[in-house]
Trainee: 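Can you keep this structure in mind? I'll have questions shortly.
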Amino acid sequence: MPEPVHVRELSTDDLDAAWELGRFAFGSDSQRPASTSTAVPGLTRYGAFDDAGRLVGKAVDLHHDQWWTGRAVPAADVAGVAVAPEARGRGVARAMLTALLRGAHERGAAISALYPTVAAPYRACGWEAAGVLRTVDLATASLPRHQPAAHFTVRAGAPADLPAVAALYERVSRHRNGMLTRQGELFDFFAADRGLPGDGLTLVEAAGDLVGYAIWQRGRGYGADSVLTVDEALATTADAARELVGVLASWASVAPTLRLCPLDGDAVSTHLPLESARDHERDLWMHRPVDVARAVSARGWPAHASGTVDVTLADPLAEWNTGTWRLTVADGAAELSRISGEADFRLDVRGFALLYTGAARARSVAQAGLLHHPAGVDPSALDLLGAGGPAQLLDYF
């Protein structure tokens with residue numbers, strides 16, 4: 001029988017042990033960031049302790065918000081989950097995630113995302129794979145070149161330009177699903193006294209307004225293996241994107257490879273030769289509701305979506321989600337209200353995550369065994385839960 005563990009929020013006295021646990025789990029550099037030894041606003045650190053008081057596990061709840069069709073939804077994004085090797089396979093991670101979900105629920109979070117090193121333990125706790133953050137390599141010489149347009153100003157950015165960069169990011173991201181708002185105490189803490197986020201910041205302006213930007217890391221060398229890493233490249237118009245891509249293409253003589261994370265269907269991606277892209281890295285991300293009623297009511301919904309469907313939901317780790325609910329969607333808003341009895345549709349919390357994020361439609365969720373319904377009943381009524389998807393993340397945490 002597994003030995004009991006005791007989960008609580010970490011104090012500053014616990015942070016040395018938490019750093020060491022994480023360093024060994026993730027193979028981190030021995031140089032310790034200052035933020036790991038002090039209290040940080042906008043996150044909650046949890047630790048699991050054995051009967052002797054030794055720290056055997058840790059996890060962090062990041063108090064993010066995510067954009068969902070124009071509205072910011074409070075999230076408990078999970079990071080830094082580590083378990084001591086001697087304690088693995090004994091329910092430590094499950095105990096920590098249960099406590100994290102309860103704490104997140106109490107502080108008002110609605111949804112949660114994470115990047116797993118292995119999916120199975122998180123699936124057992126209700127998270128499900130919902131997307132992939134792709135980092136791709138492109139031949140810089142394959143990018144389209146064009147004559148710079150006279151009505152654009154292209155210049156190097158400075159720290160004073162970062163508020164305008166943040167505002168453009170919001171214009172691009174707020175009507176998508178799943179993107180972080182990059183607002184709140186946690187982002188304010190790490191942004192304080194910060195210079196440029198990369199080696200360089202290239203801005204494209206029209207009549208004094210920022211319409212495109214690229215944040216990039218130069219890397220080393222100028223030979224065949226030289227890489228220009230673009231941390232982010234976004235634009236608000238097709239012409240601005242074309243201008244930005246032209247600037248990136250100009251690096252071809254000294255950085256033959258361009259590395260970036262494309263944002264599906266945005267202005268910049270539609271100008272990239274993605275047919276020749278090679279995957280450099282793929283980071284799976286997973287999602288789950290913290291509170292299903294909040295997850296539905298807090299987000300925006302497409303104005304054309306309308307309907308009502310009843311569903312019985314099972315969530316072993318978050319009992320407040322378990323029960324029978326009526327989903328009503330109309331006029332760009334939705335709500336889940338509790339009803340009595342059992343519905344024809346019986347949905348696992350992992351199936352809820354797939355539908356909510358637009359990662360799968362109801363028929364596929366049923367085929368995966370995460371949605372059950374009577375024979376002859378069309379499950380596609382539950383596609384209403386995924387109206388407005390699919391979701392995408394552009395931040396790794």
Trainee: Quick one, Val349 and Thr322 - any side-chain contact, counting heavy atoms below 4.5 Å?
Mentor: no
Trainee: Taking all heavy atoms of Ala59 and all of Val81, pick out the closest pair and write down the distance.
Mentor: CB-CG2, 3.9 Å
Trainee: Grab the two heavy atoms, one from Gly157 and one from Leu196, that are nearest each other, plus how far apart they are.
Mentor: O-CD1, 3.8 Å
Trainee: Any chain of hydrophobic side-chain contacts (each under 4.5 Å) joining Val172 to Leu133?
Mentor: yes
Trainee: So that I can tick it off, tell me whether Glu128 and Arg123 are bridged by a salt bridge, with the cut-off set at under 4.0 angstrom between side-chain N and carboxylate O.
Mentor: yes
Trainee: Are Leu55 and Tyr46 in one and the same hydrophobic cluster, where Ile, Leu, Val, Met, Phe, Trp and Tyr link if side-chain heavy atoms are under 4.5 Å apart?
Mentor: no
Trainee: Can any side-chain N or O of Thr324 pair as donor or acceptor with the backbone N or O of Ile339 at less than 3.5 Å?
Mentor: no
Trainee: Side chains of Ser250 and Arg145: does their closest heavy-atom pair fall under 4.5 Å?
Mentor: yes
Trainee: With distance as the sole criterion, is a donor-acceptor pair present between the side chains of Asp378 and Ser380 under 3.5 Å?
Mentor: yes
Trainee: Mind listing the closest non-hydrogen atom pair of Pro256 and Ser226 along with its distance?
Mentor: CD-O, 3.3 Å
Trainee: Keeping His372 on the side-chain end and Gly369 on the backbone end, is there a donor-acceptor pair under 3.5 Å?
Mentor: yes
Trainee: Does Tyr356 reach the main-chain N or O of Ala295 with its side chain, forming a donor-acceptor pair under 3.5 Å?
Mentor: yes
Trainee: With a cut-off of 6.0 Å (strictly less than), are more than 12 heavy atoms of other residues, nucleotides or ligands near CD of Gln31?
Mentor: no
Trainee: Calculate, to the nearest 0.5 Å, the distance between atoms CE and CG belonging to Met286 and Leu354 respectively.
Mentor: 9.0 Å
Trainee: Is Arg171 atom CZ crowded by more than 12 heavy atoms from other residues, nucleotides or ligands, each under 6.0 Å away?
Mentor: no
Trainee: Is there a side-chain contact between Glu232 and Val165 (heavy atoms, below 4.5 Å)?
Mentor: no
Trainee: Which ILVMFWY residues can you reach from Val154 by hopping between side chains whose heavy atoms are under 4.5 Å apart?
Mentor: Val136, Leu138, Leu143, Phe152, Val204, Val211, Trp216, Tyr222, Leu228, Val230, Leu244, Val245, Val247, Leu248, Trp251, Val254, Leu258, Leu260, Val268, Leu272, Leu274
Trainee: Determine whether a donor-acceptor pair (N or O, by modelled atom type, separation under 3.5 Å) exists between the side chain of Trp67 and the backbone of Glu170.
Mentor: no
Trainee: Using a cut-off of 6.0 Å, state whether more than 12 heavy atoms not belonging to Arg338 lie near its atom CZ.
Mentor: yes
Trainee: Enumerate the residue pairs fulfilling side-chain hydrogen bond (donor to acceptor under 3.5 Å, both in side chains) with a member in residues 99-110, sequence neighbours excluded, ordered by first and then second residue.
Mentor: Asp61-Arg107, His63-Arg107, Arg102-Glu319, His105-Asp291
Trainee: Hey, mind stepping through Asn177 and Thr69 against side-chain hydrogen bond (donor to acceptor under 3.5 Å, both in side chains) and telling me if it holds?
Mentor: CA-CA 6 Å; Asn177 287 338; Thr69 316; 2.9 Å; yes
Trainee: So that I can tick it off, tell me whether Asp315 and Arg288 are bridged by a salt bridge, with the cut-off set at under 4.0 angstrom between side-chain N and carboxylate O.
Mentor: yes
Trainee: Once rounded to the nearest 0.5 Å, what's the spacing between atom NE2 of His64 and atom CD1 of Ile111?
Mentor: 11.5 Å
Trainee: As a test of understanding, state which of Val365, Thr312, Val377 forms a side chain to side chain contact (heavy atoms under 4.5 Å, CB included) with Phe345.
Mentor: Val377
Trainee: Answer whether the closest heavy-atom distance between the side chains of Val296 and Leu385 falls below 4.5 Å.
Mentor: yes
Trainee: Within a radius of less than 6.0 Å around CZ of Arg361, do more than 12 heavy atoms belonging to other residues, nucleotides or ligands occur?
Mentor: no
Trainee: Would you say the side-chain atoms of Arg94 pair up with the backbone N or O of Ala124, donor to acceptor, closer than 3.5 Å?
Mentor: yes
Trainee: Can any side-chain N or O of Arg350 pair as donor or acceptor with the backbone N or O of Gly126 at less than 3.5 Å?
Mentor: no
Trainee: Taking Gly80's backbone N and O only, do any of them form a donor-acceptor pair with Lys58's side chain (distance below 3.5 Å, no angle check)?
Mentor: yes
Trainee: Quick one: CG on Asp188 to CD on Gln183, what's the gap to the nearest 0.5 Å?
Mentor: 9.0 Å
Trainee: What is the minimum heavy-atom distance between Ala387 and Arg299, and which atoms define it?
Mentor: O-NH2, 3.0 Å
Trainee: Only one of Phe352, Trp127, Trp68, Tyr115 clears ring pair (Phe, Tyr, Trp, His ring centres under 6.0 Å) with His287; which?
Mentor: Trp68
Trainee: Could you tell me whether Arg8 and Asp14 make a salt bridge, using a distance below 4.0 angstrom between a side-chain N and a carboxylate O?
Mentor: yes
Trainee: Could you tell me whether the side chain of Glu9 and the main chain of Thr44 form a donor-acceptor pair under 3.5 Å?
Mentor: no
Trainee: So, does Thr270 use its side chain to make a donor-acceptor pair with the main chain of Ala267 at under 3.5 Å?
Mentor: yes
Trainee: How close do Asp50 and Arg54 get, counting heavy atoms only, and between which atoms?
Mentor: OD1-N, 2.8 Å
Trainee: Could you check whether any side-chain N or O of Arg88 sits under 3.5 Å from a backbone N or O of Val83, counting only pairs where one atom can act as donor and the other as acceptor?
Mentor: yes
Trainee: Quick test of your reading: applying salt bridge (charged side-chain N to carboxylate O under 4.0 Å, His left out), list the pairs with at least one residue in residues 321-331, sequence neighbours left out, ordered by first then second residue.
Mentor: Asp310-Arg326
Trainee: To the nearest 0.5 Å, what is the distance between OG1 on Thr36 and CZ on Arg45?
Mentor: 7.0 Å
Trainee: CG/Asp225 to OG1/Thr257 distance, rounded to the nearest 0.5 angstrom?
Mentor: 8.5 Å
